[in-house]
Amino acid sequence: MIKRVLLLLLAAVLASPVLTVDAKAVSDLSNAPELRIRVGKIAYTNPAVPLTIYWAKYEQGLYKTVATPDEVKTYPVFIGAYKYRNVLFENDKTIYFLKYTQYPYGDIYKLEMPSKALTRLTFTGGIDGFALKNDSLYYFTGSMTTEPGVYRMPLDGKKPAVKINPAMLDTGDKSYRYYFGSADMSLPYLYFPLLRQKWPAAGEQYIDQEEVEQDFEEAVSQYEVNDSDYLGDRDADIFMFTERDEESGNSYLHLYNKGKETVRKVKDWVIEPVDILHGWVYFTVDNEESDKGGLFAIRPDGSGLRQVGNSDLSASYYLGSIKGYLVFEHYNELKLMIVKE
């Protein structure tokens, strides 16, 4: 199934008052062991099992790719002026996606195959993204504002959506949710730290943030962290983020497994998280001075580093996983790149 959860990136603790931040939580990076990256050439093969994948090519249409051990073919499903994105499905019969008539007027549709029966599930517009979770559909609006809205509705759309706690789509592990903080003006350099805070006791229940006394929070990064630099799997209790010292060129890979942190220093490579699957953390590396790079996997305890793919796989074009394979959109051509986990 393609069921990648899109993460709601909350801005500055939902614009609540500045909290007390524990700077001591930042890891000591000076003693971090080095993780040596050696890039080879991985030979791609067609998947060993049949795969049916629905996906969207920006400003072109919605497509269906059928991959077998013998061949990989792509067919158009909908072609037109509409913009399709955020395609998710749990089987090859029912597909959910965002359809834009004109940005930001996006709504969620359900597509039944092979009849191509199309049902519009929302009529609100302005939906930034959605996820499939717990037999429900979670969507969010205003994700880059200080007042994001997160809603839960049944997969058939027959009952009204319920507004829930926005932290429920923010990434984290079983203990903490992670998010950006405002710039730390007390330091000699400017950076926007990655912060963490205990998960709210209210669970999914929506509570007006102005009425809640905020819990103690702590910073976990020493350098700036961007929205593509962190990734968590709360169910697996694994979290990771990467930060980079631009002056030295060193990147730091932070891995959290059931609350235990492991830090690795990576010289001369830029790291970008891709996914967390079956006890492995996947990330890409890129060398700014050359076209070298690749897709790698590592255990959350820092062991088992292995190369999975080449420099033609980008975290920005990652679609999700299905039956033990990672699926990437080709950055230019109308095709998918499919690699074994």
Side-chain angles (χ1 to χ4, degrees), residues 1-7 42-57 61-78 84-98 110-116 129-138 155 171 231-238 240 272-284 294-300 304-310 312-331 333-341:
M1 71 186 87
I2 291 286
K3 194 179 174 185
R4 189 185 186 200
V5 176
L6 295 185
L7 304 177
I42 301 297
Y44 297 146
T45 60
N46 290 343
V49 296
L51 304 177
T52 299
I53 303 166
Y54 290 89
W55 58 288
K57 187 75 171 178
L62 184 68
Y63 295 90
K64 171 185 174 181
T65 293
V66 179
T68 69
D70 298 322
E71 61 181 0
V72 178
K73 289 189 174 181
T74 296
Y75 308 90
V77 177
F78 292 125
Y84 303 95
R85 59 183 292 266
N86 200 168
V87 183
L88 299 176
F89 54 91
E90 298 194 10
N91 57 66
D92 58 3
K93 305 298 182 185
T94 307
I95 298 91
Y96 301 87
F97 59 87
L98 274 179
K110 179 177 72 172
L111 174 67
E112 301 288 345
M113 293 297 286
S115 66
K116 290 189 179 182
F130 70 96
L132 304 179
K133 183 179 179 182
N134 302 329
D135 295 322
S136 298
L137 189 153
Y138 292 73
L155 292 175
T171 190
L231 183 67
D233 185 337
R234 191 176 178 188
D235 294 331
D237 203 8
I238 299 172
M240 69 91 69
E272 191 166 5
V274 173
D275 209 339
I276 298 172
L277 296 167
H278 307 125
W280 290 91
V281 175
Y282 292 85
F283 60 93
T284 59
L295 173 67
F296 285 79
I298 193 171
R299 291 291 190 186
L305 179 69
R306 58 189 174 92
Q307 185 177 354
V308 180
N310 303 314
D312 52 359
L313 303 179
S314 168
S316 302
Y317 289 91
Y318 178 64
L319 299 180
S321 65
I322 180 171
K323 296 182 179 179
Y325 290 86
L326 286 79
V327 182
F328 295 79
E329 178 187 345
H330 192 277
Y331 74 95
E333 300 178 28
L334 188 63
K335 68 178 186 180
L336 298 180
M337 314 284 287
I338 304 172
V339 297
K340 183 70 174 173
E341 288 185 17

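Count residues from 1 along the sequence. Owing to the predicted nature of the structure, the values given are computational and were not obtained by experimental measurement. Below, each value reflects all heavy atoms present in this structure, side chains not excepted, and no hydrogens, waters or symmetry copies.
Side-chain contact check for F328 versus D312: every heavy-atom pair is 4.5 Å or farther apart. The shortest side-chain heavy-atom distance between F89 and I322 falls under the 4.5 Å cut-off. Here the side chains of V327 and W55 are not in contact, with every heavy-atom distance at 4.5 Å or above.
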After noting the C-alpha distance and the side-chain angles of N310 and Y44, does the key distance pass the side chain to side chain contact (heavy atoms under 4.5 Å, CB included) rule? CA-CA 9 Å; N310 303 314; Y44 297 146; 3.5 Å; yes
From CA spacing to verdict: side chain to side chain contact (heavy atoms under 4.5 Å, CB included), T94, Y96: CA-CA 7 Å; T94 307; Y96 301 87; 3.7 Å; yes
Taking it one step at a time, do E341 and L326 satisfy side chain to side chain contact (heavy atoms under 4.5 Å, CB included)? CA-CA 6 Å; E341 288 185 17; L326 286 79; 3.2 Å; yes
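Contact between K340 and G324 at its shortest, heavy atoms only, is CD-O, 3.6 Å. The two residues G309 and L313 make their nearest non-hydrogen contact at CA-CD1, 3.8 Å. The two atoms that bring D92 and M113 nearest to each other are O-CB, 3.8 Å, heavy atoms only. Nearest heavy atom pair, residue V274 against residue A315, reads CG2-CB, 3.8 Å. The heavy-atom pair separating P273 from L231 by the smallest distance is CB-CB, 4.0 Å. Taking both residues in full, the closest heavy atoms of G129 and N86 are given as CA-OD1, 3.2 Å, listed atom of the first, atom of the second, then distance.
Although no hydrogens or angles enter the test, the distance criterion places no donor-acceptor pair under 3.5 Å between the side chain of R234 and the main chain of T171. Y325 places a side-chain N or O within 3.5 Å of a backbone atom of A48 that can act as its donor or acceptor partner.
Atom CG of L88 is separated from atom CG of L132 by 5.0 Å, given to the nearest 0.5 angstrom. Here F296 contributes atom CZ and T284 contributes atom OG1; the two are 10.0 Å apart, rounded to the nearest 0.5 Å. Here the straight-line distance linking atom CG of L111 with atom CZ of F78 works out to 5.0 Å at 0.5 Å rounding. Distance check, rounded to the nearest 0.5 Å: OG1 of T52 to NZ of K64 gives 5.5 Å. Atom CG of residue L305 and atom CD of residue Q307 lie 9.0 Å apart, to the nearest 0.5 angstrom. To the nearest 0.5 Å, the span separating CD1 on I53 from CD1 on I95 amounts to 12.5 Å.
A search for ring pair (Phe, Tyr, Trp, His ring centres under 6.0 Å) contacts involving W280 returns nothing, not counting sequence neighbours. Y84 pairs by the ring pair (Phe, Tyr, Trp, His ring centres under 6.0 Å) definition with F97, not counting sequence neighbours.
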Enumerate donor-acceptor pairs with a distance under 3.5 Å from any side-chain N or O in residues 67-74 to protein atoms, sequence neighbours excluded.
from, atom 1, to, atom 2, distance (Å)
T68, OG1, D70, N, 3.2
T68, OG1, E71, N, 3.1
T68, OG1, E71, O, 3.2
T74, OG1, T65, OG1, 2.8

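Y317 OH: 12 or fewer foreign heavy atoms inside a 6.0 Å radius. With a 6.0 Å radius and a threshold of 12 heavy atoms from other residues, nucleotides or ligands, Y331 has its OH atom at or below the threshold.
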